[in-house]
Protein chains: 2
Amino acid sequence: MSSAYARLTERFARLGVLGDTLGILQWDTATTMPPGASDARGEQVSVLHLMRHELLTDRHIGDWLDAAASDAQVAADTWRSANLREMRRRHFTALAVPDELVMAEAKATLACELVWRGARADSDWKALLPSLGEVLRLVKEVAAARAEVLGVSPYDALLDRYEPNARAERIDAIFGELASFLGRVLPAVLERQRERGRPVLPPGPFALDRQKALGQRMMEAMGFDFTRGRLDVSHHPFCGGASDDVRITTRYDEADFTSALYGVLHETGHALYEQNLPAKFRYQPVGEARGMSVHESQSLLMEMQACRSREFVRFAAPVLRQAFDGEGPEWAEENLYRLLTLVEPGFIRVESDEVTYPAHIILRYRLERALIEDRLTLAELPGAWNDLSRDLLGLAPPNDRLGCLQDIHWPSGGFGYFPTYTLGAMTAAQLFAAAKQARPEIPEALGRGDFSPLVGWLKTEVHGRASLMSSDEMLTAATGRPLDARAFEAHITARYLT
Amino acid sequence: MSSAYARLTERFARLGVLGDTLGILQWDTATTMPPGASDARGEQVSVLHLMRHELLTDRHIGDWLDAAASDAQVAADTWRSANLREMRRRHFTALAVPDELVMAEAKATLACELVWRGARADSDWKALLPSLGEVLRLVKEVAAARAEVLGVSPYDALLDRYEPNARAERIDAIFGELASFLGRVLPAVLERQRERGRPVLPPGPFALDRQKALGQRMMEAMGFDFTRGRLDVSHHPFCGGASDDVRITTRYDEADFTSALYGVLHETGHALYEQNLPAKFRYQPVGEARGMSVHESQSLLMEMQACRSREFVRFAAPVLRQAFDGEGPEWAEENLYRLLTLVEPGFIRVESDEVTYPAHIILRYRLERALIEDRLTLAELPGAWNDLSRDLLGLAPPNDRLGCLQDIHWPSGGFGYFPTYTLGAMTAAQLFAAAKQARPEIPEALGRGDFSPLVGWLKTEVHGRASLMSSDEMLTAATGRPLDARAFEAHITARYLT
């Protein structure tokens, strides 16, 4: 191996370790940090971002990349040459963005996240405007800079931050097809549910410690390694942390245990991906998770495909009854299954079902694209949100807390992130169908709370491949074809209309 | 101001922010991190240490220091010229230690701390030997390197890490005087206590949540700002965290509330120092706390001087009764006062009283000096510990858990740290006496749970001065003379023999 390649791996290892440090700080900010520390935390995060950026844009890297490109030993090794490809991508996209902008974006998003918490609680969009305006201004600068080096539109340059090679043009096509499919089937699904009568939520209150114990039990069943991770509480559930230290969070509602539980199941899907990445390429770009669509596919595969299946509910029903001393018809398996597959247009994305979820994403995708492309201002956004919500979901939120203030993504600078949720939902359906075909015992095992056949297949086909291939290459290797909406549509039809 | 000085402040600000990041990671390691993450955490901590070391030893700094030294504007400003003095000290002592050694020490101490937790629980000194041997080997290398540049002995070079300009020669003199004084008074104190009869510990169990609420109430009374700090749990109480994010910990004993409570009072003394440092010089060397003797003086002033005074106990007694629904003679003020000023030779340093505490320190000071000066091996240490414990305290621990395994300091590389505790106790006595002379209302205010006159005086005389002066200069400004043992001896005599 050339010394150039060795130098690159050393440099990227340092970048990876600094990334882990940021992961811990971000977890701490969301779960633990006292409110008065926000400015100081902003300093810490922005200095780390800046130092990472300096290390990544160091001009030596260009020389090393050139030298390593002509290294026959590297070229002969698929993992190492993929690592080189990922290093190159990161170096050149980072070079496009000046140091000051990196630092300013890190600081502004941290400040805005904290303002968002209060603004959401008070349903006060105006309170968020100044800091979100600053974030949007900086994100647009980043978009313009990345767009130039990638040779794509500014919005595509933002998409590419989360899902390499994603393009709005392809998303438009997929989302168009999906919107039309869902527009057709949603009335039929709602009608069918009406005929069957409404399932009943078991009566609470559900003590928080019992909800937490239940979540932990499910995480263990799924294979989460608690010696290398944690479960905590935050305003917005997430999966974060660091290598060998994967931390998920949820939020508890005393009146409805399904909210925290399915948050846990979702984040555990993310966490298993992180915990099962190949240790051999730890801290290297090729050893990290593929883009966010694949990441979301892992969470949605667990939350939606596996854990709302009839088989899983068969396993879960007695566990739930035991967890909450549940008795009576609300706790019957059939009622719980219908509750967990209830389709109901609502305001909150993270609480919505898998049939209406894509509408929440299409709404955000259209609005954030309009913001980036200067076709919409932040002041106009609440109105536009409500109009589009009426169009896509048939209802408009009564206040911004239940509308445009519900998500942390924009305050934290994540413009371009939302589409990956629905790309992830489709990827999940395609992967789950292929997994069941390859290992027909999966549904029956889920019925016993045994996730090992499913997780074993995912380890081989997804987790263990890290960033070796592109998302579509990985999907082709695992399922026989690149991403399309067929498996998702077949799943919706099978679960809700047969 | 010269651009050289501006460049220095910018560089040191980055160092300060990285130090804050390390503070959060260290807190997380001790309170939160899952056990399987220890290697990954080791990577994070050692990379941050290494990057700090690289930034601090950058050869530009020498040039900037030279240029700033001839800057008349800097010279005319006491704070800025003190800042320059501290920068110079840090740069040249850091230059003495090679990058690889910094990284190796950081990694070895983190690994050893984790081994220590298990070894202490199992009372298994042998289990600690390999990793502690590695720590000691590296600390000796650091000592040799620093000794050369400072022109002092290796042990003095370690002392200087925690208390700038401290020398074993002066410590020998002070500790000699103190050992002789305490050897004289201890029998008299014990005899007097015997005559009065033994105070009684109120019967538990004391629920942990009530103990925590009591600790928080006391922290509030003392002026701890919870919007910029936290109280948590760890094996060994400490004060850590970051700017505007000062995090103290304690450990709870269900059978004895005084252990956690006085841990909290102690760490709150540290925390107030950190929270009251001058914001204007945040992240600059001159804006940090003076050496560890002064830091320990702040914790011991609270724990020992203020919070075991008759006046404080008058305030605390009804608060304690209310906290634990206490009834009966054990909860009487006089019994509680005698309990909180009970002198009793014991095994555990952190649980010992202020009369026998110095013996614990003198023991560790002699042993660690012998280790550094190759007059003792780690294998011989448990025996030497027990012998010296018999000499100084009149008792030897029945096992190493209660003996040489009780403290985290050596596993975490803190050779040279222990003496600062007793220097701190003497500094505390000297400061508290001066405070009461300057503000005679202090005792009566403590009797009402009002710490503001005391903390106000400390803010002006200690906290607000940060590292503007040397410890002795600060003490002279605040009390009229440099450190000596007189005030401490007078305090012991007044509290225990009159």
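By convention in this document, chain letters (A, B, ...) are assigned in the order of the sequence lines, proteins followed by strands, and residues within each chain are numbered from 1. This is a predicted model, so every value here is computed, not measured.
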Query raised in the report: Rounded to the nearest 0.5 Å, how far does CZ of Arg52(B) lie from OG1 of Thr21(B)?
Result: 9.5 Å
Report summary line: One option among Gly16(B), Gly36(B), Pro34(B) has the most heavy-atom pairs under 4.5 Å with chain A, and it is Pro34(B)
Requested in this report: Quick one: which of Ala13(B), Gly229(B), Ser243(B), Gly241(B) has the most heavy-atom pairs under 4.5 Å with chain A, could you say?
Outcome: Gly229(B)
Requested in this report: Can you tell which part of Ser46(B) gets under 4.5 Å to a heavy atom of chain A, answering side chain, backbone, both or neither?
Outcome: neither
Query - Interchain contact, Leu22(B) with chain A, by part (heavy-atom threshold 4.5 Å) - result: neither
Report summary line: Highest number of heavy-atom pairs under 4.5 Å with chain B among Ile24(A), Asp20(A), Asp39(A) belongs to Ile24(A)
**Report entry** NE2 on His53(A) to CG on Leu15(A), rounded to 0.5 Å
**Finding:** 10.5 Å
Query raised in the report: At a heavy-atom separation under 4.5 Å, does Phe226(B) approach chain A through its side chain, its backbone, both, or neither?
Result: backbone
Query raised in the report: Checking Thr32(A) against chain B: side chain, backbone, both or neither under 4.5 Å from a heavy atom?
Result: both
Report summary line: Taken to the nearest 0.5 Å, the spacing of Glu113(A) CD from Arg41(A) CZ works out to 11.5 Å
Query raised in the report: Distance-only, no hydrogens or angles: does the Gln211(B) side chain make a donor-acceptor pair with backbone N or O of Phe206(B) under 3.5 Å?
Result: yes
Query raised in the report: Given Phe224(B), which of Gln216(B), Glu267(B), Arg230(B), Met219(B) fulfils the side-chain contact (heavy atoms from CB on, under 4.5 Å) condition?
Result: Met219(B)
Query raised in the report: Do you know which of Arg228(B), Glu43(B), Met33(B), Arg14(B) has the most heavy-atom pairs with chain A at a distance under 4.5 angstrom?
Result: Arg14(B)
**Report entry** Residue that, paired with Glu288(B), satisfies salt bridge (charged side-chain N to carboxylate O under 4.0 Å, His left out) out of Arg90(B), Arg465(B), Arg282(B)
**Finding:** Arg90(B)
